[in-house]
Number of protein chains: 2
Amino acid sequence: MTHIDFAYGRDATVQTNAKSDAAGEIHPCSACTVRTLTVCAALEAEELRRLAEILQTTRFDAGHTVFGEGEPAETLYNVTSGTVKVYKLLPDGRRQITGFLLPGDFFGLSVNDSYAYTAETVTPVSLCRFPRRRMEALLDEFPKMQRRLFSMASNELAAAQDQMLLLGRKTAKEKICSFLLLLSQRASRRGHKTNPVHVPMSRADIADYLGLTTETVSRTFTQLKTSRVISLLEGNKVQIQDMDDLLELAEGA
Amino acid sequence: MTHIDFAYGRDATVQTNAKSDAAGEIHPCSACTVRTLTVCAALEAEELRRLAEILQTTRFDAGHTVFGEGEPAETLYNVTSGTVKVYKLLPDGRRQITGFLLPGDFFGLSVNDSYAYTAETVTPVSLCRFPRRRMEALLDEFPKMQRRLFSMASNELAAAQDQMLLLGRKTAKEKICSFLLLLSQRASRRGHKTNPVHVPMSRADIADYLGLTTETVSRTFTQLKTSRVISLLEGNKVQIQDMDDLLELAEGA
DNA sequence: GCCCAGCCATGATCTGGATCAAAGAATAAA
DNA sequence: TTTATTCTTTGATCCAGATCATGGCTGGGC
């Protein structure tokens with residue numbers, strides 16, 4: 001399908017941090033892992049040390065394909081900074097984006113031995129790599145970690161069901177409002193400012209995420225702007241005028 | 001939302017099988033569990049015995065609500081026989097069915113403490129109940145079981161992504177063809193006849209699963225019948241004339 | 001048997017969002 | 001600075017599928 005530069009193109013740099021796990025010295029990538037795995041799974045020092053050993057950090061420019069659908073799934077990723085989109089394609093090129101991944105999110109987990117979707121960077125991104133084999137061994141050893149991963153998968157499943165409701169039954173306006181709310185909520189969960197929401201992805205990406213066209217996305221944004229529900233600010237920021245209003249619009253009330 | 005008869009209505013019977021776990025004597029419900037958990041997780045005799053202890057079997061007529069969205073999630077279910085649908089509703093009644101569950105499938109797993117969707121029987125059904133608290137304790141004790149559950153969640157996630165592609169980007173005809181293929185594949189995986197596929201759900205249910213209306217589902221079925229892709233048989237059975245044909249139609253090739 | 005209530009099919013019409021087209025903005029390259 | 005190039009907005013038109021309406025079919029209750 002798409003060409004994948006799996007062995008690190010020139011826009012990618014790799015660094016292992018097996019050596020930087022001395023007490024007190026935490027690599028940014030370890031930091032993300034601490035955030036996502038530790039806090040909820042209450043890992044022990046030993047587990048953390050072992051985890052840090054298998055981590056690697058990678059950087060990509062915007063628009064880089066991290067891996068393609070059907071490729072052998074050898075790595076699990078965690079987003080350290082930036083935004084990643086994952087999508088599936090139909091033979092004639094129609095595209096459905098199934099998720100946008102923000103710092104702290106995992107992707108690349110696969111049941112079979114190959115990825116079920118393509119992952120591409122939306123902005124410049126840094127990723128934390130977990131080699132699959134080693135990760136599996138670690139999971140067997142530390143059930144708490146597995147439990148945490150399971151709970152994340154369950155959360156994703158619930159989100160997927162919300163998205164199916166959106167795709168199958170909501171109108172264009174409801175879709176856009178739901179999308180803005182989602183971004184706002186995710187920002188809040190990561191401890192960021194929730195109101196002027198940062199929307200780093202293009203109209204085309206939003207369209208492919210919501211099952212619309214770019215034209216409809218654009219029209220709906222201006223329509224929401226005209227009716228004073230939102231206003232568009234500099235730097236891909238969207239100001240929500242009335243959160244409750246938006247919440248009702250998102251469900252068609 | 002919908003009224004739920006959580007404590008077993010008159011159309012439900014309950015039986016525990018804590019006493020029927022003597023060697024050689026396997027209750028139908030244990031049988032389903034053996035199939036779904038054992039085969040892949042390679043459980044030990046001890047684990048099986050403990051599992052059998054917490055199982056209960058329940059039967060419901062067609063059209064019974066097993067649990068409703070938002071209710072406290074106290075039970076995990078496994079389908080022993082029959083078909084169950086799970087769905088989400090919008091305030092104005094629009095409905096999205098997010099899945100049909102066949103024998104061997106689990107449902108009712110929840111991250112929070114409440115169900116994220118409503119579950120309703122499509123046909124008469126018998127279910128295997130796993131009390132949540134006890135199940136969690138068991139999972140902590142036997143990581144292999146948790147691993148198996150995790151792998152099932154991952155599979156579901158992949159299926160959810162396929163469904164998003166379908167809902168967001170496929171035409172009515174492609175949706176119906178994909179749906180028939182899905183039923184056929186699931187039948188095959190459960191070791192049933194894959195060709196005259198049994199379609200136990202109503203046109204309305206299919207519509208709400210595919211993001212269409214009953215009229216469009218009906219029209220598309222007759223259209224496929226007219227163009228000799230399928231034929232409709234007695235007893236809710238659909239005969240697929242050319243499997244490859246259907247496969248291409250499902251992806252818009 | 002008969003009646004009633006859901007289902008299912010099919011026709012007629014309407015419409016939300018797609019498609020086609022083209023003119024601004026923004027960003028990057030030269 | 002000027003010039004490509006890509007992204008966004010907006011307008012005009014079209015159409016797949018929704019909506020509205022009707023009749024036929026089937027199964028369950030009495």
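Letters go in sequence order (proteins before strands), and every chain restarts at 1. The analysis underlying the following values was restricted to heavy atoms, covering all of them including side chains, and did not include hydrogens, waters or symmetry mates. Owing to the predicted nature of the structure, the values given are computational and were not obtained by experimental measurement.
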Round to a whole Å and report the spacing from CG of D205(A) to P of dC7(D).
9 Å

To the nearest Å, give me how far apart CZ (F221(A)) and C1' (dG17(C)) are.
16 Å

When the distance from CD of Q223(B) to P of dT10(C) is rounded to whole Å, what number comes out?
12 Å

Answer yes when D205(B) and R95(B) have at least one side-chain N-carboxylate O distance shorter than 4.0 Å, and no when they do not.
yes

Would you say the side chain of V79(B) lies within less than 4.5 Å of the side chain of L102(B), judging by non-hydrogen atoms?
no

Contact string for nucleotides 10-28 of chain D, one letter per nucleotide 5' to 3', B = base within protein heavy-atom range under 4.0 Å, S = sugar-phosphate only, - = neither, reads BBB----SSBB--------

I206(A) atom CD1 is separated from dC7(D) atom C1', nearest whole Å, by 12 Å

Give the minimum heavy-atom separation between E251(B) and P91(A), together with the two atoms involved.
O-CD, 3.4 Å

Please state how far atom CG in N236(A) lies from atom P in dA25(C), giving the value in whole angstrom units.
17 Å

State, with a plain yes or no, whether a side-chain heavy atom of S227(B) is found less than 4.5 Å away from one of Q241(B).
no

D208(A) atom CG is separated from dA18(C) atom P, nearest whole Å, by 11 Å

Salt bridge flag under 4.0 Å for residues D242(B) and R228(B):
no

Can you list everything that forms a ring-ring contact (aromatic ring centres under 6.0 Å, His included) with F221(A)? Sequence neighbours excluded, please.
none

What closest approach, in Å, do T75(B) and R129(B) show between heavy atoms, and which atom pair accounts for it?
OG1-NH2, 3.6 Å

Residues G252(B) and E174(B): closest non-hydrogen pair is CA-OE2, 3.1 Å

In degrees, rounded to 10°, what is the bend between the two ends of the helix from dG1(C)-dC30(D) to dA30(C)-dT1(D), using five pairs at each?
40°

What is the distance, to the nearest angstrom, from the CG atom on L224(A) to the P atom on dT9(D)?
12 Å

Can you tell me the distance, in whole Å, between the CD atom of E234(A) and the P atom of dA25(C)?
14 Å

Which value, rounded to the nearest 0.5 Å, describes the distance between T123(A) atom OG1 and K85(A) atom NZ?
10.5 Å

